[in-house]
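Chain A is the first sequence line, chain B the second, and so forth, proteins listed ahead of strands; every chain is numbered from 1. This one's a predicted model, so the numbers in the text were calculated from it and none came from an experiment.
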Protein chains: 2
Amino acid sequence: MRNTTNQPDGFGIAAVERDTGLPKDTLRVWERRYGFPQPLRDANGERVYPAAQVDKLRLIRRLLDQGLRPSRIVAASTEELAQLLEASPEAAPPAAPAGWDTLLAFMQRQDGAALQRALQQSLLKQGLQRFLADTLTPLTDAVGQAWLRGELSVAGEHLYTEQVHNVLRGAIASHGGHGGSPSILLTTFPNELHSLGLLMAEAMFAPEGARCTSLGTQTPLADIEHAATQGGIDVVALSFSAAYPPRQAVEGLSTLRARLPAGIALWAGGQAVREQQRKLPGIRVIADLNDGIAALAEWRAAHPA
Amino acid sequence: MRNTTNQPDGFGIAAVERDTGLPKDTLRVWERRYGFPQPLRDANGERVYPAAQVDKLRLIRRLLDQGLRPSRIVAASTEELAQLLEASPEAAPPAAPAGWDTLLAFMQRQDGAALQRALQQSLLKQGLQRFLADTLTPLTDAVGQAWLRGELSVAGEHLYTEQVHNVLRGAIASHGGHGGSPSILLTTFPNELHSLGLLMAEAMFAPEGARCTSLGTQTPLADIEHAATQGGIDVVALSFSAAYPPRQAVEGLSTLRARLPAGIALWAGGQAVREQQRKLPGIRVIADLNDGIAALAEWRAAHPA
DNA sequence: TTTTCATTTTGTCCTGGACAAAATTTGTAC
DNA sequence: GTACAAATTTTGTCCAGGACAAAATGAAAA
């Protein structure tokens, strides 16, 4: 029954876990292996992390998400880390989307209303599918980059995600038609909690006249199977973010393919599976949003009403 | 680098922690002291919890929340636990919400469209706030119960959550007014990924004329602080599901309270904090949706424009 | 070039011990 | 008996240091 919070000057290990997202076990093993962090100890021998070390841990976490390895960065000095951060923001800063500066400013100042208005405006001007392909896809990319570079806080990124949700849900609802075929079940595997890809897929399929049923994120495999066979589903569509381990994706998809009746198609989209088509026989890997439309056309050609 | 999730028959310790809100350390020490839970072991000696034990842990968790002590209940048989639960004041599960049978059928057969139509209809008939208090609250409860009893699959529950999201987001959007004051920032702590409570709170506050900014789930503490001070926020509102460890909630809230300027109010709602007001000085614990309205009124009384 | 195989890295789990905070019981004075 | 202080038990979280599978990397073969 510790109170890890308000050490006179520093944070307990539980508080650091909450703040940085790095599990306690990881914090301890890093200390053992790399010599950082090196928390003080209180009277009872428990770790007390000074604020400066917590800040550095947060920086390390950003670099980790950029693809750097712990052995290279955990032991490095704060100056080296800052240099690394400058160095390789994905080499080529890919042509900021139109109006990027304005949008970034909205996110930085936490102005959700303005952000939503701007998105809504693009949607009306372009139509749903072009909005998805030409605006949302590069924009989401740019937001991720901005976070990696430290130009945007986690809060700013969350705000963006939230507003995209609002706009897309509204668009899907207004397209209304709980129409025809195929009947598509959309979801993600457990541990994949990125819902944006899912929603974008739904927004792509729904106006094409498919009957979309989304289960949100994190449906256990057995339940996907159950829902698909129960609900008269034609296609099960899974979404994978870049952060999902590709091997787990392949393994899970193969298992699911084996358990689903052959009459139900299985589609997989997202960064983690983009290059894996050859390892996934019987599964349609969807490379991007347009390819999704193609997959839909294929299905319809193969299943004349 | 374990994959705790998809054990062919059972859950890894990390999955159980997520599902029950009981920390790993606690699960292990209970096993040592009380002989329960008693998970199987996989080839590598790691704990694999059968579904039945996870269910029992969930039951124990509920009794704990009611103030019973671990030594009385952790070692008890499932029958004893069921009796204790009957006897408890909170019992009163009955009174199935109006139209429950129909709605349950929709969920069981994965008919999202019908479910959404039914919810939408209730919303129109009752108005948003009564819909929240009189329909959605008991309904969400009933869905959870049905899942516990095995009458509803995970997929069915996900379908329900998804449709409620659709309906509420639509309702909030149509209420439009990104109006006045206070300016409320809504989110959850890391590891709390239940978004329904958050959305219900937003749906409660928005039509009352508050300016709501939701960051979705899982915002690190430091980023909540950043967003609140950056964005001209008057109130930070956190939501906690029943599965969130109460101690962590209390500790996190205390830390956040200390870090936020005194001028920014901190509100906390949800099962995990319902009984914790006395441990949370300087924080307004919100008992239910109506109490949220009350908190809003209090704030306005204290801050005349 | 791609594919396969061996090696290193890395995160999460394990055991069993410890101890402070909280809860409960016991003791004492009014 | 009731109120309050002190002693005791209960309980959750932390610690150390070891282990190992999955992932990432690098080398070799096709």
Proximal nucleotide (of C/dT10, D/dC20, D/dG12) relative to the B/Pro70 side chain:
D/dG12
Euclidean distance, atom CZ of residue A/Arg61 to atom C1' of C/dG11 [Å, nearest integer]:
13 Å
Report which part of the nucleic acid B/Arg72 touches: base, sugar-phosphate, or nothing (heavy-atom distance under 4.0 Å, all strands).
nothing
Count the heavy atoms of every other residue, nucleotide or ligand shown that sit under 6.0 Å from CD of A/Gln277, and state whether that count exceeds 12.
yes
A/Leu27 CG to C/dT12 C1', in whole Å, measures 13 Å
With DNA chain D as reference, determine whether B/Trp30 or A/Arg28 sits nearer its 5' end, using the nearest nucleotide of each.
B/Trp30
Measure the distance from CZ on B/Arg32 to P on C/dC13 and round it to the nearest whole Å.
17 Å
Just how far is it from atom OG1 of A/Thr78 to atom CD of A/Gln53, taken to the nearest 0.5 Å?
9.5 Å
For residues 52-82 of chain A, which residue pairs pass the ring-ring contact (aromatic ring centres under 6.0 Å, His included) check, not counting sequence neighbours?
none
Heavy-atom nearest nucleotide on DNA chain C taken for A/Tyr34 and for A/Asp25; more 5' hit belongs to A/Tyr34
With sequence neighbours left out, write down each residue that passes side chain to side chain donor-acceptor pair (under 3.5 Å) with A/Glu225, or none if nothing qualifies.
A/Arg259
Which nucleotide wins on minimum distance to the side chain of B/Val29, given the candidates C/dC13, D/dT13, C/dC19?
D/dT13
Under the salt bridge (charged side-chain N to carboxylate O under 4.0 Å, His left out) definition, can you give me all pairs with a residue in residues 58-68 of chain A, not counting sequence neighbours?
A/Asp19-A/Arg58, A/Asp55-A/Arg58, A/Arg61-A/Asp65
Near DNA chain C, counting only heavy atoms under 4.0 Å, which residues of residues 50-59 of chain A show up?
none
Closest to the side chain of A/Pro23, out of C/dC13, C/dT15, C/dT12, is C/dT12
Any side-chain N or O of B/Gln248 less than 4.0 Å from the OP1 or OP2 oxygen of D/dG12?
no
Taking 4.0 Å as the cut-off, does a side-chain nitrogen or oxygen of A/Thr26 come that near to OP1 or OP2 on C/dT12?
yes
In whole angstroms, how far is the P atom of D/dA21 from the CD1 atom of B/Ile13?
18 Å
In whole angstrom, give the distance that lies between atom CZ of A/Arg18 and atom C1' of D/dC14.
15 Å
Which residues satisfy the ring pair (Phe, Tyr, Trp, His ring centres under 6.0 Å) test with B/Tyr49, sequence neighbours excluded?
none
Nearest to the side chain of B/Ala14, which nucleotide is it out of D/dG12, C/dC13, C/dT3?
C/dC13
Mind checking if B/Arg69 touches a base, just sugar-phosphate, or nothing, with heavy atoms under 4.0 Å?
sugar-phosphate
Suppose we screen for ring pair (Phe, Tyr, Trp, His ring centres under 6.0 Å). Which residues come up paired with A/Tyr244, at least two apart in sequence or across chains?
A/Phe240
Does a side-chain N or O from A/Asn44 land closer than 4.0 Å to OP1 or OP2 of C/dC19, or not?
no
Specify the separation, in whole Å, of atom CG of A/Asn191 and atom P of C/dT12.
11 Å
Can you measure B/Arg47 atom CZ to C/dT15 atom C1' for me and round it to whole angstrom units?
8 Å
Can a side chain N or O of A/Ser71 be found less than 4.0 Å away from OP1 or OP2 on C/dT10?
yes
Atom CZ of B/Arg33 and atom C1' of D/dT11 are separated, to the nearest Å, by 6 Å
Of the options A/Glu31, A/Glu46, A/Glu17, which is the one that meets A/Lys24 in a salt bridge (charged side-chain N to carboxylate O under 4.0 Å, His left out)?
A/Glu17
